[in-house]
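Beneath this line is the structure, given in structure tokens, with notes to follow.
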Number of protein chains: 2
Amino acid sequence: MTISSPEIKQRMAHFEQVCRTSGIKLTHQRIEIFREIAQKGDHPSAEMVYRGVRKRMPTVSLDTVYRTLWLLKDLDLVTMLESAHEKARFDARLSPHHHFVCMSCGLTQDLNCKEFDNLKPPKSAKALGQALITHVEVRGICFKCAEKEKTASDKTGR
Amino acid sequence: MTISSPEIKQRMAHFEQVCRTSGIKLTHQRIEIFREIAQKGDHPSAEMVYRGVRKRMPTVSLDTVYRTLWLLKDLDLVTMLESAHEKARFDARLSPHHHFVCMSCGLTQDLNCKEFDNLKPPKSAKALGQALITHVEVRGICFKCAEKEKTASDKTGR
DNA sequence: TTAGGTGCAAATTCTTTGCACCCTG
DNA sequence: CAGGGTGCAAAGAATTTGCACCTAA
């Protein structure tokens, strides 16, 4: 999937604005790396971004791509699929169920919900393949992390 | 979360039966590794399983834990959270949307669905923390992989 | 000008593999 | 007893880090 040109422009403008606001330097590398993600809708990996950017800028290094990607993520300019950084985790429960994932510490807890169990894949999924499982992931902040953040903000005032 | 004793027994029985059916040897290591996952509901990582099993069997090696975990997964005796093996993947689309993930090749495609957008976190999530985002992941087989499997089965007859 | 950013190469972390010995069936 | 399974140590893959040079503001 390729993103339409006005949409890309808007994304680039937003990117530049956020960088300025955050006092982050607008380097060639950062611009090209962000553009690479902004103009592609196929959820590229760091390696894929690297290869794409190298076409236009043959000297970028892979580690700059990584540093920039995490930076963009911290600035909420991109989102991440699959919790990279996370190790594989296993579950012996085979019956369908859902998850609550803490966005701060990554703790994953089972979530039982009849309503979710009964969700049917939408028509739009039919265009992509054969849908088998509909799994809901509720993301939020677990109580332990909420407590921690509260304590921290009491100190920093932030 | 600890799993109730009858439930564990049932899981162990199922495990032993599947191993026999598949002609997989029931070694001490495999039994203890499966038990470790079966009796815990907290989605342990390979490292955590390793530490748990070592208490009862100090000589197991981490690589046996890994080999056994992937084996259990192949036998559909355990499921995996977070697509380990997968690299981090990025997305510049910030508006909420959902995903169709191919269970065979891992291809992730955006899925638009108003019904999913409007899903509210269930009451049971309130007990775990503050819910912020409800994300649906439809898992299935994409057309490309379905085609591949079809071609393969034409040959193997499986 | 100068602090933050980059490239390089080496380090880390998680996971996999080759090989000789061991144990289940 | 035979062939799959295991432990060890070493290899791989993805990501991170230290350091000296570079460049946007």
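In what follows, chains are A, B, ... by sequence order, proteins preceding strands, each numbered from 1. These values consider heavy atoms only, across backbone and side chains, with no hydrogens, waters or symmetry-generated copies.
- Smallest separation of non-hydrogen atoms from A:H14 and B:L94: CE1-CD1, 4.1 Å.
- Taking both residues in full, the closest heavy atoms of A:C102 and A:C142 are given as SG-N, 3.4 Å, listed atom of the first, atom of the second, then distance.
- The nearest whole Å value for the distance from the CH2 atom in B:W70 to the P atom in C:dC14 is 13 Å.
- Formation of a donor-acceptor pair under 3.5 Å by the A:H98 side chain with backbone atoms of A:V136 is found in this model.
- A salt bridge is absent between B:R93 and B:D91; no separation between the charged side-chain nitrogens and carboxylate oxygens falls under 4.0 Å.
- Between the side chain of A:R139 and the backbone N or O of A:V101, no donor-acceptor pair lies under 3.5 Å.
- Nucleic acid contact class of A:S45 (heavy atoms, under 4.0 Å, all strands): none.
- In this structure, A:S124 contributes its side chain and B:N112 its backbone to a donor-acceptor pair below 3.5 Å.
- Taking the six-membered ring for Trp and thresholds of 30 and 60 degrees, B:F15 and B:F34 have nearly parallel ring planes, at less than 30 degrees apart.
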Protein within reach of the bases, or only the backbone? For nucleotides 20-25 of chain C, mark each nucleotide 5' to 3' as B, S or -, using heavy atoms under 4.0 Å.
----BS
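- The CG-P distance, from A:L69 to D:dA14, rounds to 15 Å in whole Å.
- Atom P of nucleotide D:dG7 and atom CZ of B:R54 are separated by 11 Å, given to the nearest angstrom.
- Rounded to whole Å, atom P of D:dA9 lies 13 Å from atom CG of B:L62.
- At C:dG7, one or more side-chain N or O atoms of A:Q29 fall inside 4.0 Å of OP1 or OP2 (strictly under the cut-off).
- Axis deviation across the helix from C:dT1-D:dA25 to C:dG25-D:dC1 amounts to 40°, comparing end segments of five pairs, rounded to 10 degrees.
- Summarising the geometry, the separation between CG on A:L75 and P on C:dG5 is reported as 10 Å, rounded to the nearest angstrom.
- Taking the ring centroids of B:H135 and B:H97, they lie at or beyond the 6.0 Å cut-off.
- Side-chain proximity of B:D63 to the nucleotides C:dT17, C:dA9, C:dT15 is greatest for C:dT17.
- When the P atom of D:dG4 is taken as reference, atom CZ of B:R30 falls 11 Å away, rounded to whole Å.
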Show your reasoning for whether salt bridge (Lys or Arg N to Asp or Glu O under 4.0 Å) applies to A:K9 and A:E7.
CA-CA 5 Å; A:K9 281 203 180 109; A:E7 173 72 23; over 6 Å; no
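- We find that OH of B:Y66 is positioned 16 Å from C1' of D:dA9, with the value rounded to whole Å.
- Base engagement by A:R67 is indicated by at least one non-hydrogen atom pair under 4.0 Å involving a base atom.
- Distance CD (A:E32) to P (C:dG7): 12 Å, rounded to an integer number of Å.
- OP1 or OP2 of C:dG7 lies within a sub-4.0 Å distance of a side-chain N or O belonging to A:S61.
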